[in-house]
Amino acid sequence: MKIEELALPYHYNNETHFIYPTLIIDNNDLTLVDTGYPQFLPMIEQRIIALGYKMNDLKNIIITHYDDDHIGSLFDFKVKYPHLKIMASAIEKDAIEGTTKSERLLQAEKMLEVLPDTQKEFGQAFIKQLTCLKHVQVDTIVSNGDCILSNECVVISTPGHTSGHISLHIPALKTVITGDAAIVENNELKIANPHFCLDIETAQQSLHSIKHMDVERYYCYHGGKIERAIITNK
C-alpha cells in the first residue's frame with residue numbers, strides 16, 4: 001500500500017492556499033480520500049494522471065466528513081465515474097445523502113442570527129454554498145475499528161470537528177490520514193478551525209488520541225504531510 005498527497009490550490013482573500021486530499025494505492029486500485037471544493041474534479045484528475053495512475057483504477061472515495069471543501073466535487077465524481085463506491089460514517093452518510101440537514105449548515109444558519117451586520121453577507125454566502133451542494137448515495141457505512149481496503153486501513157472515529165468525522169490509520173505505513181481532526185501549523189498538529197468545531201472538547205480529545213498513536217507521519221487535509229520527527233510539542 002502507498003499514499004500520494006494531492007496538493008490543490010485555491011484562492012481566498014486574494015491569497016493562494018492549498019488543501020491536500022490523499023490517494024491510497026492498494027495494488028492497482030485507487031481510493032481517494034475527500035474530493036475538494038466544487039469544480040475540483042478536473043484538477044484532481046490532472047494530479048492523479050500526472051502521478052502515473054489511471055482514472056479507471058479509481059474504485060472508492062472515502063469522505064472524512066461533510067464540509068464543502070471535502071465533499072464539494074463528490075457529485076461530479078459519481079456522475080463521471082458511476083462505478084465508484086462511496087464510504088462514510090453513519091452520521092455523515094445522512095448529510096451526504098440529504099436525508100438530514102448537515103451539521104455544518106445548521107451551525108451556519110444559527111450563527112447567521114447573531115452575526116453583526118458587517119458579516120451577514122459572508123454568512124449568507126456560506127449558507128448558499130452549503131445548500132448548493134448536491135447529494136450522493138453512500139454505498140458503505142464505516143465505523144470505528146473497521147478494517148477496509150484489503151484490511152490494511154483502519155477507520156478511526158475522530159469526532160469534534162463534526163460528530164461523524166473519521167480518520168484513517170494504516171499500520172503497515174505507520175501513517176494516519178487525519179482529515180480535519182488535525183491540521184499542521186508551524187510544525188504542530190492543531191485543531192482545524194476551532195470556531196467551527198461543533199464540539200471543541202471532543203475535538204481536543206480526538207487530536208490527543210491521534211498525537212499519541214504509534215505512527216511516524218500524518219497526512220493532514222490542511223497543512224499537508226508532516227513527519228512525527230519534526231513535530232514540535234508546545
Checklist outcome for this item: For Cys147 and Asn151 the tightest heavy-atom approach is O-OD1, 3.4 Å
Next on the checklist: According to ring-ring contact (aromatic ring centres under 6.0 Å, His included), does anything in residues 144-197 pair up with another residue at least two apart or in another chain? List the pairs.
Outcome noted: His65-His161, His65-His165
Checklist entry - Are Lys190 and Glu185 within salt-bridge range, i.e. N to O under 4.0 Å? => result yes
Next on the checklist: Could you check whether Ser73 and Thr35, counting side-chain N and O atoms only, form a donor-acceptor pair closer than 3.5 Å?
Outcome noted: no
Checklist entry - What's the verdict on side-chain hydrogen bond (donor to acceptor under 3.5 Å, both in side chains) for Thr158 and Ser167, showing C-alpha distance, side-chain angles and the deciding distance? => result CA-CA 6 Å; Thr158 48; Ser167 302; 2.9 Å; yes
Checklist entry - Are Arg228 and Glu216 close enough for a salt bridge, meaning some N to O gap below 4.0 Å? => result no
Checklist entry - Between Glu92 and Thr162, does a side-chain hydrogen bond (donor to acceptor under 3.5 Å, both in side chains) hold up when you go through it step by step? => result CA-CA 9 Å; Glu92 305 300 325; Thr162 64; 2.9 Å; yes
Checklist entry - Do you know the tightest heavy-atom contact between Leu84 and Lys78? => result O-NZ, 2.5 Å
Checklist outcome for this item: In short, Thr16 meets Pro9 closest at the heavy-atom pair CG2-CB, 4.1 Å
Checklist entry - In terms of side-chain heavy atoms, does Tyr37 have a donor or acceptor partner in Gln129 at a distance below 3.5 Å? => result no
Item to check | Distance-minimising heavy-atom pair for Cys220 and Thr178 | outcome: CA-OG1, 3.3 Å
Checklist entry - How far apart are the closest heavy atoms of Asp26 and Ser150, and which atoms are they? => result OD2-OG, 2.6 Å
Next on the checklist: Quick check for you: to the nearest 0.5 Å, what is the distance between Thr175 atom OG1 and Met213 atom CE?
Outcome noted: 10.0 Å
Checklist entry - Considering residues at least two apart in sequence or located in another chain, which fulfil the salt bridge (Lys or Arg N to Asp or Glu O under 4.0 Å) criterion with Asp117? => result none
Item to check | side chain to side chain contact (heavy atoms under 4.5 Å, CB included) assessment of Asp34 paired with Tyr221 | outcome: CA-CA 9 Å; Asp34 294 326; Tyr221 201 73; 3.6 Å; yes
Checklist entry - Other hydrophobic cluster members with Val33, side-chain heavy atoms of Ile/Leu/Val/Met/Phe/Trp/Tyr under 4.5 Å, chained? => result Met1, Ile3, Ile24, Ile62, Met87, Val142, Ile148, Leu149, Val155, Ile166, Leu168, Ile170, Leu173, Ile177, Tyr219
Checklist entry - Considering only heavy atoms from C-beta outward, does the side chain of Tyr81 approach that of Met55 to under 4.5 Å? => result yes
Next on the checklist: Rounded to the nearest 0.5 Å, what separates atom CG in Leu51 from atom CD1 in Ile25?
Outcome noted: 7.5 Å
Item to check | The single option from Val136, Ile86, Ile71, Leu41 passing side chain to side chain contact (heavy atoms under 4.5 Å, CB included) against Phe77 | outcome: Leu41
Next on the checklist: Give me the atom names and distance for the closest heavy-atom approach of Leu30 to Tyr53.
Outcome noted: CD1-CB, 3.7 Å
Item to check | Polar contact flag, side-chain donor to acceptor under 3.5 angstrom, Thr31-Asn60 | outcome: yes
Item to check | Heavy-atom check, side chain of Leu207 versus side chain of Leu189, under 4.5 Å | outcome: yes
Checklist entry - Is atom NZ of Lys134 surrounded by more than 12 heavy atoms (other residues, nucleotides or ligands) closer than 6.0 Å? => result no
Item to check | Polar contact flag, side-chain donor to acceptor under 3.5 angstrom, His222-Asp69 | outcome: yes
Next on the checklist: Counting neighbours of NE2 on His208 that are heavy atoms of other residues, nucleotides or ligands and sit closer than 6.0 Å, is the number greater than 12?
Outcome noted: no
Item to check | Lys/Arg N to Asp/Glu carboxylate O, Glu4 vs Lys2, below 4.0 Å | outcome: yes
